[in-house]
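A quick write-up on the structure given underneath.
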Amino acid sequence: MKRLEKVKGTRDLLPEEMAKRRWVFERIREVFERYNFHEVLTPTFEYTELFKLRSGDEVVEQLYAFDDKGGRNLSLRPDMTSSVARLYVNSFQNAPKPVKWYYIANMFRYEEPQSGRFREFWQAGVELIGSDKVEADAEVIALFVESYLATGLEDFTVNIGDRILLDEFARMLGVEDDIGLMRLIDKKDKLSKEDFIGALKGFGLNDDGVEKVLALIGIKGRPDEVLPRAEELFTSDEAKAEIKRLYELVDLLDAYGVSRWIRIDLGIARGFDYYTSIVFEAIAPNDLGIGSIGGGGRYDNLIGVFGGKPTPATGFAIGIERLIPILEWKGLIPEPKLRPDVYVIPIGKDTEVKKAAVEVVSALRRAGVKADVELTGRKIGKALDYAGRLGVPYVVLIGKRDLAEGRVTVRDMETGEQKAVEKERVVEELLDLLGL
RNA sequence: GCCAGGGUGGUGUAGCCUGGUCAGCACAGGGGACUGUGGAUCCCCUAGCCCGGGUUCAAAUCCCGGCCCUGGCCCCA
């Protein structure tokens, strides 16, 4: 038996867990819909080339890539943004703008599993294509906040950074390996101050440069407190314009009523593949070793890279496997009810009795009651035992004697009280008892 | 890709250091005592040493490799 093992980094989701996931998905989906985003689903796999085009050849290392029987080199999607951008370029370039799409789907990355990281995982995300205005950034970030709120989570922050400012910053410092520097900055919270400074000097920074980096990563906190500091640090026109954009953004987010969850953190880089301006990520304090629970940003070049007419876009993705453990840890997901409300037990092996049981359970089901019928032929004692253990509130017992008089027995499992009910009236009776 | 610690019936575990007397326990599942009345009790049954190789008279136990799990690194689109 042990030869049939689960593939590394994948999971089986059992009924209870599925019920909880579905609850989370539904909360999030509802908000997405209210913001008038529409659901799309693209194929699970694409040509590997698509992902290489976006992120370069190295990503193949992190892809679930394979050749199919027709010799195509394919990869399971590592996220949805590439596929959605391809879909847009293929067929929606002339659609009215903005295009507002959302998805809830599984993604695949060939990485070593660890806390909150699997090889197959789910994301719920949106893409807003066709507006380069800060209003679009605000709309998406407000929805990002509202999505978490919809799941009951309140203790989290959305930290906003900016790639233009980071790039500008690397230029100011004259660092060759700007990507390496950003990676280091992204990791700032994991290192001690001494190690961090030592690593900075490894990039050839002098004391002045180190000071500047420390000043940058110190730009972290409430927008009204830290944005003025950013204005002092940056001098170029481009950077000034971007800071103005951030001011407008936080102003709009205030109008959306979500500023309570908004922080500025100019040290955020969020990967390096395609973000071009505002980037953001959500963090919820927890003891589970889980960091970011989702993130996104503006990517104005990707559609052009895919051969489309240059089109600005912005979006985010929520990591379901990171969000759910935190919600569970906080007790925010309601316990799913997996038991039926009524359990119908035929007594004996008589065919008429079995048919009557099926008739009763069918009638209940048609009336909208979650009902089950004994299917294993257990004797009445074991069947009641089973129903009791499941916590079923009402059982209908159907035996030959009652049936001869056109009646069945309804048993309240909590009190043990029983009463004979006309078979034709049993649905009505139970609806009444259940308060339906 | 790298590192650390793990893997014993469906689940949780004892045993491993110190090889044999070892495959035990609890829960769960099925049946019966009880052929029309539950969660109790008693009895019975099902079911396991992750896979492969090595050492040895003898391996769950020691060694090697693989797979998987948990976590860390890299990376995190």
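In the text below, chain A, chain B and the rest are named by the order of the sequence lines, each starting its count at 1.
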Taking the same atom, [atom1], in [N] and in [M], what whole-Å distance lies between them?
N: B/G20; M: B/A59; atom1: C1'; value: 10 Å
N: B/C22; M: B/A58; atom1: C1'; value: 14 Å
N: B/A60; M: B/G48; atom1: P; value: 15 Å
N: B/G1; M: B/A14; atom1: P; value: 32 Å
N: B/C68; M: B/C51; atom1: C1'; value: 10 Å
N: B/C2; M: B/C75; atom1: C1'; value: 12 Å
N: B/G19; M: B/A26; atom1: C1'; value: 28 Å
N: B/U61; M: B/U21; atom1: P; value: 13 Å

State whether the side chain of [X] and the backbone N or O of [Y] hold a donor-acceptor pair below 3.5 Å, judged by distance alone.
X: A/Ser75; Y: A/Val60; result: no
X: A/Lys97; Y: A/Ala95; result: yes
X: A/Thr157; Y: A/Ile262; result: no
X: A/Glu168; Y: A/Ile164; result: no

Given [options], identify the nucleotide with an atom nearest to the side chain of [X].
X: A/Glu111; options: B/C75, B/G29, B/G36; value: B/C75
X: A/Asp385; options: B/A77, B/C69, B/G39; value: B/G39
X: A/Arg183; options: B/A77, B/C76, B/G36; value: B/C76
X: A/Gln114; options: B/C76, B/C73, B/G1; value: B/C73

Describe the nucleic acid contact of [X] in one word from base, sugar-phosphate, nothing, applying a heavy-atom distance below 4.0 Å.
X: A/Glu61; answer: nothing
X: A/Gly399; answer: base
X: A/Glu112; answer: base
X: A/Gly391; answer: nothing

Taken to the nearest whole Å, CG/A/Leu288 to C1'/B/G71 is 13 Å

Rounded to whole angstrom units, what separation is found between the CD1 atom of A/Ile290 and the C1' atom of B/C76?
15 Å

So, [X] and [Y], do they make that salt bridge, N to O below 4.0 Å?
X: A/Glu127; Y: A/Lys100; result: no
X: A/Asp350; Y: A/Lys355; result: no
X: A/Glu120; Y: A/Arg109; result: no

Run the ring-centre check on A/Phe25 versus A/Trp122 and record whether the distance is less than 6.0 Å.
yes

Does the gap between the ring centers of A/Tyr102 and A/Phe37 come in under 6.0 Å?
no

Would you say a side-chain N or O of A/Lys6 is under 4.0 Å from OP1 or OP2 of B/C69?
yes

Distance check: side-chain N/O of A/Arg389 vs OP1/OP2 of B/A28, anything under 4.0 Å?
yes

[N] pairs with, by Watson-Crick or G-U criteria that keep both distances under 3.5 Å:
N: B/G48; value: none
N: B/U41; value: B/A33
N: B/C16; value: none
N: B/G10; value: B/C27
N: B/A60; value: none
N: B/C2; value: B/G72

In short, A/Tyr103 meets A/Val126 closest at the heavy-atom pair CE2-N, 4.1 Å

May I ask you to list the residues of residues 403-417 of chain A, by number, that have any heavy atom positioned under 4.0 Å from an atom of RNA chain B?
A/Thr409, A/Arg411, A/Met413, A/Gly416

For RNA chain B, whose closest nucleotide is more 5', that of A/Lys187 or that of A/Ser115?
A/Ser115

Which residue lies more 5' along RNA chain B, comparing A/Arg401 with A/Leu390 via nearest heavy atoms:
A/Arg401

Could I get a table of every N or O pair under 3.5 Å where one atom is in the protein and the other is in nucleotides 31-35 of chain B?
{"residue": "B/G32", "atom": "OP1", "partner": "A/Lys379", "partner atom": "NZ", "Å": "2.7"}

Spell out yes or no: do the side chain of A/Arg117 and the base of B/C75 have one donor N/O and one acceptor N/O closer than 3.5 Å?
yes

Got a sec, which residues hit side chain to side chain donor-acceptor pair (under 3.5 Å) with A/Glu321, two or more places apart in sequence or on another chain?
A/Arg11, A/Arg21

Pairing donors with acceptors under 3.5 angstrom, does anything connect the side chains of A/Thr409 and A/Gln418?
no

